[in-house]
Protein chains: 2
Amino acid sequence: MKLQTGEKLDRKSQITELAETFFHERGFLATSMRDLAKGLKIEPASLYSHIKSKDELLWEISNRCAGEFFATVVPVAKSGLNTRGKLTEMIVAHVEVVCRNLRASAVFFNEWKHLAEPRRSEYANKRDEYEGFFRMVIADGIRENLFIHFDERFSARAILSALNWTHTWYRKDGELKPREIGEHLSKILLDGLVRKI
Amino acid sequence: MKLQTGEKLDRKSQITELAETFFHERGFLATSMRDLAKGLKIEPASLYSHIKSKDELLWEISNRCAGEFFATVVPVAKSGLNTRGKLTEMIVAHVEVVCRNLRASAVFFNEWKHLAEPRRSEYANKRDEYEGFFRMVIADGIRENLFIHFDERFSARAILSALNWTHTWYRKDGELKPREIGEHLSKILLDGLVRKI
DNA sequence: GTCTATAGTTTGATAGAC
DNA sequence: GTCTATCAAACTATAGAC
């Protein structure tokens, strides 16, 4: 994603960029190094001057995206907002990261399981840690008698899984802006689909 | 899944059964015919006396599961229940199908895109048709001024994506029964996480 | 219905010239 | 940094003996 002078991506960024697109559209295993090479109009072997392996490519994409989620959402989780406001803003922040990283976040959610060990396990832990911030806020809300009393793991996953499909309907030129999508989703998840009078 | 006399599965069912497990755990592309053969302690070539191809195997699993969703949920969508009750029962019914077909439903949600054409396109249409029943009920609710006024496509997907991760937390020996999971989820989605007093 | 043997592709990755 | 050439392994699927 890093731009060089002249607004052209260097080779490594081109590769990562195209890999994001292909891993998103077809999946990691359905994308071959030959596909990437063909897309960049170079020979497959040339890719290896820029990246070490296909696994590393997946790891770089996933890891950068994971970093964005942590960097954006965790400060909100640690902020002084009240519990309801905090969960709302975490949802909005999460959705904004998804929209800013449409393809990479799909990879983050769907393709990480194809990482080779030990990265796969590290990654699973990282995701659990991330989910933990949502569990924490929900547990707070339950303790404050603000949220209905379900297992916070249950509620956290229900929320995150609703958020994680944003990438299937968000369009850069669509009418809904990321913040609006986030606000709609938190409206449904916090207040429900049913109108309260 | 069909049982023979003596409660033993015939070979074809054994293959389908194991494929469900592997496609679920590792994904379709990450599962080879050799893996299936090894799991059944036969030679890879022997599989082809029972199934025509790997694609057909995926199709059979997905299609049977799709059939279950339609057979279980559509009658509720067409029932005379009021809008709120209908959506609640559709959610419960959907979750019950997921829980009855834990592995196959994961395949239904995550692996169908690896079907070869023309099955892939047929399948995409089928899923859209299924989603349509949820859109319809939501549109009813909006018209009745019962549900908050968002694009019904948006709400339908938010709901379905929250439901579609049931398979990651449901355990046969867990404390939550399928109907309870469905009721919890519809509580969150219809009334929201926030307690109303 | 299961086997051995193998055809025919495709895969990720490397060696080494330029 | 890109190329040609290629390796070694994996893949789906088939042919034909038993």
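Quick note on labels: first sequence line is chain A, next is B, and so on, each numbered from 1. Computed over heavy atoms, backbone and side chain alike; hydrogens, waters and symmetry mates excluded. If you're wondering where the values come from, they're calculated on a predicted model, not measured in any experiment.
Using modelled atom types, no side-chain atom of B:Glu129 and backbone atom of B:Asn125 make a donor-acceptor pair closer than 3.5 Å.
Residue pairs meeting the salt bridge (Lys or Arg N to Asp or Glu O under 4.0 Å) criterion with at least one partner in residues 109-122 of chain B, sequence neighbours excluded, are B:Asp55-B:Arg119. For residues 38-57 of chain A, there are no ring pair (Phe, Tyr, Trp, His ring centres under 6.0 Å) pairs, not counting sequence neighbours.
Contact check, B:Tyr48 against D:dT14: no side-chain N or O comes under 4.0 Å of OP1 or OP2.
Legend: residues meeting side chain to side chain contact (heavy atoms under 4.5 Å, CB included) with A:Asp191, ordered by chain and number and at least two apart, are A:Arg84, A:Lys187, B:Val194, B:Lys196.
Salt bridge present: A:Arg64 and A:Glu20 bring a charged side-chain N and a carboxylate O closer than 4.0 Å.
From the 5' end on, the contacts that DNA chain C makes with chain A at under 4.0 Å to a non-hydrogen atom open and close at C:dT11 to C:dA15.
Following rounding to the nearest Å, B:Leu58 (CG) and D:dA13 (P) show an atom-to-atom distance of 12 Å. The distance between atom CE of A:Met33 and atom C1' of D:dA9, rounded to the nearest whole Å, is 16 Å. The interatomic distance linking B:Phe22 (CZ) with D:dC11 (P) rounds to 12 Å, in whole Å.
Between the side chains of B:Asn164 and B:His94, a donor-acceptor pair is found at a separation under 3.5 Å.
Among the heavy atoms of the strands lying under 4.0 Å from A:Ser32 are primed sugar atoms or P, OP1, OP2 only; no base atom is included. Within the 4.0 angstrom heavy-atom criterion, only backbone atoms of the sugar-phosphate kind lie near B:Arg11; the bases stay farther away.
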In residues 22-29 of chain B, what donor-acceptor pairs under 3.5 Å come from side-chain atoms, sequence neighbours left out?
{"from": "B:Arg26", "atom 1": "NH1", "to": "B:Asp35", "atom 2": "OD2", "distance (Å)": "3.4"}

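The two residues A:Ala104 and A:Ile61 have their closest heavy-atom pair at CB-CG2, 4.0 Å.
Looking at residues 36-44 of chain B, you'll see that no heavy atom sits under 4.0 Å from any atom of DNA chain D.
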